[in-house]
Amino acid sequence: METGAVLVVDFGAQYAQLIARRVREAHVFSEIVRHDITAAEIAAKNPAGIIFSGGPASVHVEGAPSIDTGVYDLGVPILGICYGAQLLARDLGGEVAQSGRGEYGRTELTVESDSLLFGATQPRMQPVWMSHFDTITIPPTGAVVTASTPDTPSAGFEDRTAGRYGVQFHPEVVHTPHGQEVLEHFLYDGCGLSPSWTMSSIIETQVELIRAQVGTGRAICGLSGGVDSAVAAALVHKAIGSQLTCVFVDTGLMRQGEGEQVVETFQRHQGIELIHVRAGDRFFDRLEGITDPEEKRKAIGELFIRVFEDAKVGLDDARFLVQGTLYPDVIESGTKDAAKIKSHHNVGGLPDDMDFELVEPLRALFKDEVRKVGAELGLPDEIVWRQPFPGPGLGVRIIGEVTRDKVAMLQHADAIVREEVKAAGLEREIWQAFAVLPDIRSVGVMGDERTYGHPIIIRAVTSEDAMTADWARLPYDLLERMSSRIINEVAGINRVAYDITSKPPGTIEWE
Ligand code: XMP
């Protein structure tokens, strides 16, 4: 772990990631760990501070998540939030009562006394966000109460000598307007940290690490056009230059103009050695007659691997494979429940039996941080702000058999959807906006002619992480522009529908 980092111990709340992000917004590196980590493992990470997250449990419940109490002897400052604060109280001589009465939502907090967490500049009365059932009645031995609410006499406590701090409210949520300052006081004043974790420090550190790992070896990177592999490649290129070769498998299922853009950006602009495999014909041949969605994904995934393997034949000396793995993929959360809804054969994700050592320079970063690194490395907005796009590409947005003609039709309609969303200035607010081509036809009339054409379904969603999503409330005039342009410009389309299904029960993609 980087020096000067803060550990966020996850007690099973949905808030641990948010806390980790807020710490990073204060320019301090943070790492999430499970609560069953041992004190020795924590000591080995040599953190500058520790934050206990909230959690859904009551400390009084049998089997409630706890922490190795050896952590209290490490001399590292600890901030407990909500459940984490209750745990500090319970473990360190205080008391947590089952008041029988919870406190949920916005509450008025009174700062009682001189306090490190609240500092001198914060208002003595401030709104905070609460979500707890039990109440701390006695703070840990040696701690003083620093804040209260009408229902929680010790809503804040601290023992500066021992480096123990607790807040019953959630400083990490936006509904606690002064919450970020509370976190920053803990980091800067409580842990003695400085705001030194910046995009340029991330790049510098990673460049050093990549050089140390790869040495004089050769690395390859599969580019998908997506932001993760693009930023990983640009970072590795900065570190080892011509020792990196990128492979871009153009499946023919990309969006309009995307293949050219990858070549333009990486080969011409960044000067990266790029093998561009135009494999559209092979994919269309392989997909002929396949209508079942799972079979389709499987076919695309398998062929992708074969094409990639063929492409790297001339690169047999490459021992390193660069991958754009992100932090949310590697966090070991005690609660993560990855129900498999669709097989995400990640095209671009390669099989385990490939004999490579992985280079994963983005493993510690969240998506928005990856975008900032990409911008800092000079990647264009179209790549840095590219919306997520499924590995199997337009193959999962064409219901039924995938053919060249259908892909061309969908690419055209999809380009119109994206152009109009961009022109309306909504591109960054919307998680994904795209077109789907279903396997039906309906009757219409254009001019004096009867038509029997395909509909296009527009799908636009807002989301934080794609686990859940809501359909975007696009303005009617925007929908109207998309509809009339698609019908006028894309031959074979005579109807446009808007998908108003959230996730769940729908998924974002149609297949
Ligand atoms: P769903 O459709 O499951 O999609 O709600 C959630 C997110 O994942 C993307 N997606 C994929 N990404 N390979 C990928 O790399 C896939 O096979 C795949 N299927 C869906 C989808 O675009 C959305 O952002």
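One-based numbering, in listed order, for ligands and for the atoms of each.
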Residues Asp381 and Arg371 bridged, charged N to O under 4.0 Å:
no

If you look at every heavy atom in Leu287 and Ala299, which pair is closest and at what distance?
CD2-CB, 4.3 Å

Which atoms of ligand 1 sit under 4.0 Å from any heavy atom of Thr507?
1 (P), 2 (O), 5 (O)

Pro392 to ligand 1: N or O pair under 3.5 Å?
no

Does ligand 1 come near enough to Gly391 that some N or O of the ligand is less than 3.5 Å from an N or O of the residue?
yes

Distance filter under 4.0 Å to Trp431 heavy atoms, resulting ligand 1 atoms
24 (O)

What atoms of ligand 1 come within less than 4.0 Å of a heavy atom belonging to Lys503?
1 (P), 3 (O), 5 (O), 6 (C)

Counting from 1 in the order shown, the ligand 1 atoms closer than 4.0 Å to a non-hydrogen atom of Arg297 are 16 (C), 17 (O), 18 (C), 19 (N)

Is a salt bridge present between Asp317 and Arg218, judged by a nitrogen-to-oxygen distance below 4.0 Å?
yes

Which atoms from ligand 1 have a heavy atom of Pro388 less than 4.0 Å away?
24 (O)

Of all heavy-atom pairs between His170 and Thr176, which one has the smallest distance, and what is that distance?
O-OG1, 2.8 Å

Taking a cutoff of less than 4.0 Å between a non-hydrogen atom of the residue and any ligand atom, is Trp510 in contact with ligand 1?
no

Which of the listed options, Pro390, Ser224, Ala469, holds the heavy atom that is closest to atom 18 (C) of ligand 1?
Pro390

Closest heavy-atom contact between Gln411 and Met254?
NE2-O, 2.7 Å

Any donor and acceptor pair, going by atom type alone, linking the side chain of Glu258 with main-chain N or O of Arg255 inside 3.5 Å?
yes

State whether the shortest distance between N or O atoms of Arg397 and N or O atoms of ligand 1 falls below 3.5 angstrom.
no

Presence of salt bridge, Glu369 and Arg21, under 4.0 angstrom:
no

